[in-house]
Every structure is written in structure tokens, then in C-alpha cells.
Amino acid sequence: MNQVLESMESKEIVNSEAMYRQIIEYSVETIIIHLDHKILYINQAGADFLKGKKDEIIGGDVLSIFNVEEKAMIRERIKQGMDGKKGATQLIEQSIIRFDGSQVDIELYCHPVQYGNKKAIQSVLRDITVRKETEKMLQDRQKLASIGQIAAGIAHEVKNPLTSVKGFLQLLKESNSHPYLFTMENELEKAIDTLQNLLQVSKPNLHEEPIIQIDLCKELNSLMLLFQEKLYNIEIKMDVRDCDKHIFGKKNLYLKAFFNLMKNAIEAMPFKGTLRIEHYFQDDYVHVKISDTGVGIPKEKMNLLGTPFFSSKTDGTGLGLTQVFTTINNHNGQIAVNSVVNQGTTFHLKLPQNPGGM
Ligand SMILES: Nc1ncnc2c1ncn2[C@@H]1O[C@H](COP(=O)(O)OP(=O)(O)OP(=O)(O)O)[C@@H](O)[C@H]1O
Ligand SMILES: [Mg+2]
């Protein structure tokens, strides 16, 4: 009877060991089991992540993936882990060097395990590159957004006195027509315009406008005419279909957004190129695509698009795309950007026919 029980017990152990192995093998995280720093086991996801071959990694030194200056600290944690000290099981962030030489940020914890009949250490490594990038992006965005808010506050305060100066200048012009007065007025108008743009993108609700029906095909054609003098080296391709599908929204905001996108596209092609405007209806949305064959946008700059004051141009304010993103979001539309450096950029807008609660 005892023998039967014992054999059932050992069978269970074998079964649970096999199950444990399977869980580890198919885990998406990197799991390494090591003893005296010698790697006894690594799962497939781990070998893939470390860019090495499983059988070449096994038998190697687990410390080899860490930077020289961190090896002593890792050695100490492993020792603490073996001694069953609590601190060793806490997560730490590290940078490691993979077998192809690439460096990557990871999160790591170690804890003791029974491996066969030996006590060993199980280390779990998690790739945190994406999380780190997202954190950095959020920080950058928050920083820029608060700069934007401060700037909008200042713009508001500065715009009023400038507007009254403009009024007085006009009065002065009537009594005394000095040529400088015209230049002064022009410059002042530019400054007020910039402030007005800034206010509009940071407080779009100030811009109360009725929601009306918009014939986008017609408007896109008219907008193109505004760029006539800049278009001598640029080929225009208009591919507008489904023009009976109208949208509802704030017309001036929409027109300004399309104007900003076209202006960017043209500015991206200083020598020559093709500007393509598409309009069609699909899956309940009106789609508008504005594509250029210009300089393109580097990958690392893509997530800055739409952030106030992000500009790569010497005389750009970096508010154009902020206005575009604010307007499209407020109308419950969507924007996708596709860009390849030196080949061109496409802004793909998906606009609902009715904007919903605005
Ligand atoms: N079609 C495009 N091709 C290449 N880069 C673009 C394109 N559209 C936008 N960008 C990049 O995004 C940045 C921000 O654009 P945005 O329209 O907000 O400001 P800007 O064009 O620099 O200035 P402003 O619109 O005030 O004249 C640009 O400076 C440019 O680097
Ligand atoms: Mg612009």
C-alpha cells in the first residue's frame, strides 16, 4: 500500500515538474536558471531576446551580459538570493548587452529555485524599452504642453495692448503719413496674427463658430488656389471622389487645418515634387489624404507632431499642426501620419460626417 502511494506521489512530482518546465519554456519573459553564475537553463524567449542560440548560452557566465561596473552589484544580489534574503527578489532596472552587441533596458528580479536536486537562482528579465520610450515621450509632451499653456497666457495678455497700439497707429497715420508708420503697422499685424493663432490652438473653444454643412471637394479646390504663386515646380494631383458626401463642422477651423497641411506639404518640397489631394467616402467616414514627395519626417520626430512649438523651420511657429490635431480631434476625427525620409509624407484624415457633441 505504502509503495503504491509513494509511486503515485513521485508520479505527481514528475508531472508537476514537467508542467513547471513547460510554463517556463513557453513564458514570453526571459527566464534564466543559474548556479554559481553558470547558466543551467534558458527558455526559448530568453535566447531570442538575448540574440543568441540556446545551446551556446547554456554553460556560459550569467554575468557576461551585464556592464563591467554593475557586475559586482549583480553578484551580490545573486548571493543574497541564494541566502534567501528578501531584497534580492525586488525588481531592479538595468541595461544589458546582448550577444549581438546591442544594448537594451530591462527589469530584473532573482529568486531561489530547486533545479533537479540543487538549489539554484532563477532570474527573470523583462524588456522595458517601449515603456522607457513612452515615459520619455509623455514627459516631453507634458513639458511642451505646459510651455504651450504658459505661452497662451502671455499671448492673451500681450495681444490686448498690441491691438490698442494698432488703433493708435491708424489714427496717427491719418494725421501724419510718415512711411515708417506703414511698416510699423504691418509688423504689428504679423505679431497680432501669431498671437491670435496661438490663442486659437490653445483655447479652441474661444473660437465660437456654428456647425454647418461643408462641401469639402469644393473647399479643397479653392484652397489650392491660395498657393498658386508657390506651385510652379510642384505637380498637383487632385483625386476627389464621392463629393456628394458632405461633412458637418466648423468650417473656418476645418479650412485652416487643410490650409496648414497643404502649406506643410508644399514647404516640404522646396525644389520640386508632387502634391496629391484625395477625397473619398469609406466605412461611414470621409477620408482626405494629403501627400507630398518631400523631405519626410524622421522617425524620432514623429511623436512630436502636433506639439505646440515643435518646428524644424527657421521661420516656423510650430503651431500649424497643433491647430490641425486640435481641430480634427474636436470634430471626433482621426489622423494617421505616414512618412519616409527623403520620399515623402502622407497625412490621412478620417472625418465623421457628423461631429457629434461638440
Ligand atoms: N508634410 C511634411 N513633411 C515634412 N515635415 C513635416 C510635414 N508636416 C510637418 N512637418 C514637420 O513638422 C513640423 C511642425 O509643423 P507645423 O506645421 O506645426 O509647424 P511649422 O510648419 O514648422 O510652422 P508653421 O506651420 O507655423 O509655419 C515642421 O516644422 C516639420 O518639421
Ligand atoms: Mg506648418
Side-chain angles (χ1 to χ4, degrees), residues 137 140-141 143-149 151-152 154-155 158-159 186-187 189-204 207 220 223-224 226-227 229-231 233-239 252-279 287-330 333-350:
M137 195 182 90
D140 288 349
R141 268 193 179 248
K143 242 188 263 166
L144 283 163
S146 38
I147 295 171
Q149 272 169 3
I154 298 172
V158 176
K159 203 184 130 222
N186 277 343
E187 293 298 308
E189 239 152 44
K190 268 192 225 160
I192 294 173
D193 246 22
T194 306
L195 295 175
Q196 182 56 36
N197 279 342
L198 180 56
L199 278 174
Q200 208 176 75
V201 296
S202 43
K203 288 188 181 152
H207 197 82
L220 289 171
L223 276 172
M224 281 315 306
L226 296 177
F227 292 100
E229 88 279 20
K230 288 194 175 169
L231 293 179
N233 278 329
I234 293 173
E235 193 190 345
I236 312 281
K237 287 190 175 159
M238 295 292 279
D239 179 5
N252 286 323
L253 285 182
Y254 259 141
L255 295 192
K256 193 152 194 187
F258 287 114
F259 175 88
N260 282 331
L261 289 172
M262 290 174 181
K263 180 168 165 278
N264 280 346
I266 292 166
E267 285 168 352
M269 302 181 286
F271 305 111
K272 64 178 179 91
T274 307
L275 171 63
R276 189 183 171 87
I277 314 272
E278 288 165 82
H279 174 289
H287 294 246
V288 179
K289 283 189 183 176
I290 297 178
S291 319
D292 62 66
T293 55
V295 291
I297 304 163
K299 255 204 185 105
E300 67 276 11
K301 296 278 164 61
M302 288 291 267
N303 53 27
L304 286 173
L305 297 181
T307 319
F309 307 119
F310 162 63
S311 174
S312 60
K313 301 169 192 168
T314 39
D315 57 352
T317 63
L319 290 173
L321 282 183
T322 312
Q323 191 274 338
V324 173
F325 278 79
T326 322
T327 300
I328 304 305
N329 285 340
N330 284 351
Q334 295 161 32
I335 305 183
V337 189
N338 247 311
S339 188
V340 180
V341 170
N342 292 330
Q343 285 188 27
T345 306
T346 299
F347 279 83
H348 180 169
L349 275 55
K350 251 174 94 176

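One-based numbering, in listed order, for ligands and for the atoms of each.
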For this session: Quick one: give me the number of protein N/O/S atoms under 2.8 Å from the Mg ion (ligand 2).
Result: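 For the Mg ion (ligand 2), protein nitrogen, oxygen or sulfur atoms under 2.8 Å: 1.
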Exercise. Any side-chain heavy atom of L305 within less than 4.5 Å of one from I335?
Worked result: no
Problem set entry | Pairing residues for H279 by the ring-ring contact (aromatic ring centres under 6.0 Å, His included) criterion, not counting sequence neighbours | none
Exercise. Can you list the residues that meet the ring-ring contact (aromatic ring centres under 6.0 Å, His included) rule with F347, with sequence neighbours excluded?
Worked result: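 Testing F347 for ring-ring contact (aromatic ring centres under 6.0 Å, His included), a comparison that skips the adjacent residues, returns none.
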Exercise. Is the backbone N or O of T274 less than 3.5 Å from a side-chain atom of T293, with the two atoms forming a donor-acceptor pair by type?
Worked result: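 Judged by distance alone, yes, a pair lies under 3.5 Å.
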So which heavy atom in the protein is nearest [atom], and how far is it from that ligand atom?
atom	answer
atom 22 (O) of ligand 1	S311 OG, 2.6 Å
atom 31 (O) of ligand 1	S312 OG, 2.4 Å
atom 21 (O) of ligand 1	K313 NZ, 2.7 Å
atom 17 (O) of ligand 1	N264 ND2, 2.8 Å
atom 5 (N) of ligand 1	I297 CG1, 3.3 Å
atom 11 (C) of ligand 1	L305 CD2, 4.1 Å

Exercise. To which of T293, D292, T314 does the heavy atom nearest atom 1 (N) of ligand 1 belong?
Worked result: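 Nearest option to atom 1 (N) of ligand 1, by heavy atoms: D292.
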Exercise. Nearest heavy atom to atom 19 (O) of ligand 1: which of G318, G316, G344 does it belong to?
Worked result: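 Nearest heavy atom to atom 19 (O) of ligand 1 lies in G318.
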May I ask you to list the atoms of ligand 1 that are less than 4.0 angstrom from any heavy atom of [X]?
X	result
K263	24 (P), 25 (O), 27 (O)
L321	9 (C), 12 (O), 15 (O), 16 (P), 17 (O), 18 (O)
G320	16 (P), 17 (O), 18 (O), 25 (O)

For this session: Report yes or no: does Q323 have a heavy atom closer than 4.0 Å to ligand 1?
Result: no
For this session: Take every heavy atom of G294, measure it against each atom of ligand 1, and state whether any distance is under 4.0 Å.
Result: no
Exercise. What do you reckon, does T317 have a nitrogen or oxygen under 3.5 Å from a nitrogen or oxygen of ligand 1?
Worked result: yes
Problem set entry | Nearest-0.5 Å distance, OG1 of residue T346 to CD of residue E278 |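 CD of E278 is found 8.0 Å from OG1 of T346.
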Seminar exercise, completed: d(T327 OG1, L253 CG) to nearest 0.5 Å is 4.5 Å
For this session: Please collect all salt bridge (charged side-chain N to carboxylate O under 4.0 Å, His left out) contacts where either partner lies in residues 300-323, sequence neighbours excluded, each pair once.
Result: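 Applying salt bridge (charged side-chain N to carboxylate O under 4.0 Å, His left out) to every pair that reaches into residues 300-323, excluding sequence neighbours, yields E267-K313.
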Exercise. Parallel under 30°, tilted from 30 to 60°, perpendicular over 60°: which one fits the rings of H348 and H287?
Worked result: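 H348 and H287: tilted rings.
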